S.K.: 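First the structure, then my questions, so here it is.
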Amino acid sequence: MRQLPPQSDPSFGFSNSPFGECCIAFSNDGICALTFPENHEGAYLDLENRFPETDFQQNDKGAERLANQIFEKGENPTLNPIGSDFQQSIWKALQRIPAGETTTYALIAEAIGRPKAVRAVGTAIGANPIAYLIPCHRVIRSDGGLGGFRWGLDCKKKMLEWEKK
DNA sequence: ATAAAGGCCACCC
DNA sequence: GGGTGGCCTTTAT
């Protein structure tokens, strides 16, 4: 099930964060992407790739305001992640992991009632469009390994450190 | 319609 | 430590 792309006033912008520069894409429907790209070029490509039909207007002020809300005040703005049903169910499960805790890919698979879909869970988590707010960094391997991270394992490590009481 | 590629896991050596 | 086979979804032929 493919949902509508962001329509009402789609915007994006760059801002600082505790984990390096981030790119936030948002519309009146909520945040549809939060990434930690290596450079601006990569961020554009990523957006274009995810939302080929959407024409985002640059708005760094808006992005900064959101980043401040998220990383300084610890608020949780409205999210609007686009993805299949399977992905949605997993991203929802991720949001139930409390800050400072971790779980495993296998446990998530179990939580959504698809204990055998572990591999697919990994792929779906990798497709998470909204880093940090959908806390894919809190998922590690069953054998204790860190697992992967779309924007580099260092970033994953930093986030986990940051959340440690 | 089919193939190939994944942020995995359990099991073996 | 490393390799293998099975599992399931998504994306690209």
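Convention: sequence-line order gives letters A, B, ...; per-chain numbering from 1. Computed from a predicted model, the values in this text were never measured in an experiment.
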S.K.: With the threshold set at under 4.0 Å for non-hydrogen atoms, list the residues of residues 32-49 of chain A touching DNA chain B in residue-number order.
M.R.: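 Hits under 4.0 Å, by residue number: none.
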S.K.: How close do Leu146(A) and Lys157(A) get, heavy atom to heavy atom, and via which atoms?
M.R.: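 Closest pair (atom of Leu146(A), atom of Lys157(A), distance): CD2-CG, 3.9 Å.
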S.K.: Among Lys158(A), Lys156(A), Glu163(A), exactly one meets side-chain hydrogen bond (donor to acceptor under 3.5 Å, both in side chains) together with His137(A). Which residue is that?
M.R.: Glu163(A)
S.K.: When you check the side-chain N and O atoms of Asn59(A) and Ser11(A), is any donor under 3.5 Å from an acceptor?
M.R.: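 Asn59(A) vs Ser11(A): no donor-acceptor pair found between side chains.
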S.K.: Using a heavy-atom distance cut-off of less than 4.0 Å, which residues of residues 130-139 of chain A contact DNA chain B?
M.R.: Cys136(A), Val139(A)
S.K.: Expressed as a whole number of angstroms, how long is the span from Ile108(A):CD1 to dC9(B):P?
M.R.: 11 Å
S.K.: With side chains defined as the heavy atoms from C-beta onward, is the minimum distance between Asn68(A) and Lys73(A) less than 4.5 Å?
M.R.: yes
S.K.: Just to be sure I understand the rule, does Thr123(A) reach a base, reach only the sugar-phosphate, or reach nothing, if contact means heavy atoms closer than 4.0 Å?
M.R.: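 Base: the residue Thr123(A), judged by heavy atoms under 4.0 Å, touches a nucleobase.
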S.K.: Of the options dG6(B), dT10(C), dC9(B), whose atoms approach the side-chain atoms of Ala120(A) most closely?
M.R.: dG6(B)
S.K.: Only stems of 3 or more consecutive Watson-Crick or G-U pairs count here, both distances under 3.5 Å; name the ones for DNA chain B, or none.
M.R.: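 Output for stems: B:1-6 with C:8-13, B:8-13 with C:1-6.
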S.K.: Could you check which of dC8(C), dC9(B), dT10(C) has an atom nearest any side-chain atom of Tyr105(A)?
M.R.: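 Nearest to the side-chain atoms of Tyr105(A), counting from C-beta on, is dC9(B).
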S.K.: Report each atom pair, protein N/O against N/O of nucleotides 1-3 of chain C, whose distance is under 3.5 angstrom.
M.R.:
none

S.K.: Between Ile130(A) and Ile31(A), which heavy-atom pair has the shortest distance, and what is it?
M.R.: CD1-O, 3.4 Å
S.K.: Return the minimal non-hydrogen interatomic distance between Tyr105(A) and Gly147(A), and the atom names on each side.
M.R.: OH-CA, 4.2 Å
S.K.: How would you list, by chain and number, every residue that makes a side chain to side chain donor-acceptor pair (under 3.5 Å) with Arg65(A), sequence neighbours excluded?
M.R.: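 Once residues adjacent in sequence are excluded, Arg65(A) has no partner under the side chain to side chain donor-acceptor pair (under 3.5 Å) criterion.
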S.K.: Is there a side-chain contact between Phe14(A) and Gln58(A), using heavy atoms and a 4.5 Å cut-off?
M.R.: yes
S.K.: Give a yes/no on whether any side-chain N or O of Arg114(A) is located under 4.0 angstrom from OP1 or OP2 of dT9(C).
M.R.: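 Answer is yes, contact under 4.0 Å.
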S.K.: Please tell me if the side chains of Glu21(A) and His40(A) come closer than 4.5 Å, counting only heavy atoms from C-beta onward.
M.R.: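 In short, these two side chains touch, coming nearer than 4.5 Å.
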S.K.: For DNA chain B, find the residues of residues 143-154 of chain A with a heavy-atom distance under 4.0 Å and give them by number; none if there aren't any.
M.R.: Gly148(A), Phe149(A), Arg150(A)
S.K.: Examine dG6(B): is either OP1 or OP2 under 4.0 Å from a nitrogen or oxygen in the side chain of Arg119(A)? Give yes or no.
M.R.: no
S.K.: Looking for any heavy atom pair under 4.0 Å, which part of the strands does Phe86(A) touch: base, sugar-phosphate only, or nothing?
M.R.: sugar-phosphate
S.K.: OG1 of Thr54(A) to CD1 of Ile82(A): how many Å apart, nearest 0.5 Å?
M.R.: 8.5 Å
S.K.: Ignoring hydrogens, what is the shortest heavy-atom contact between Ala63(A) and Ile24(A)? Give both atom names and the distance.
M.R.: O-CD1, 3.6 Å
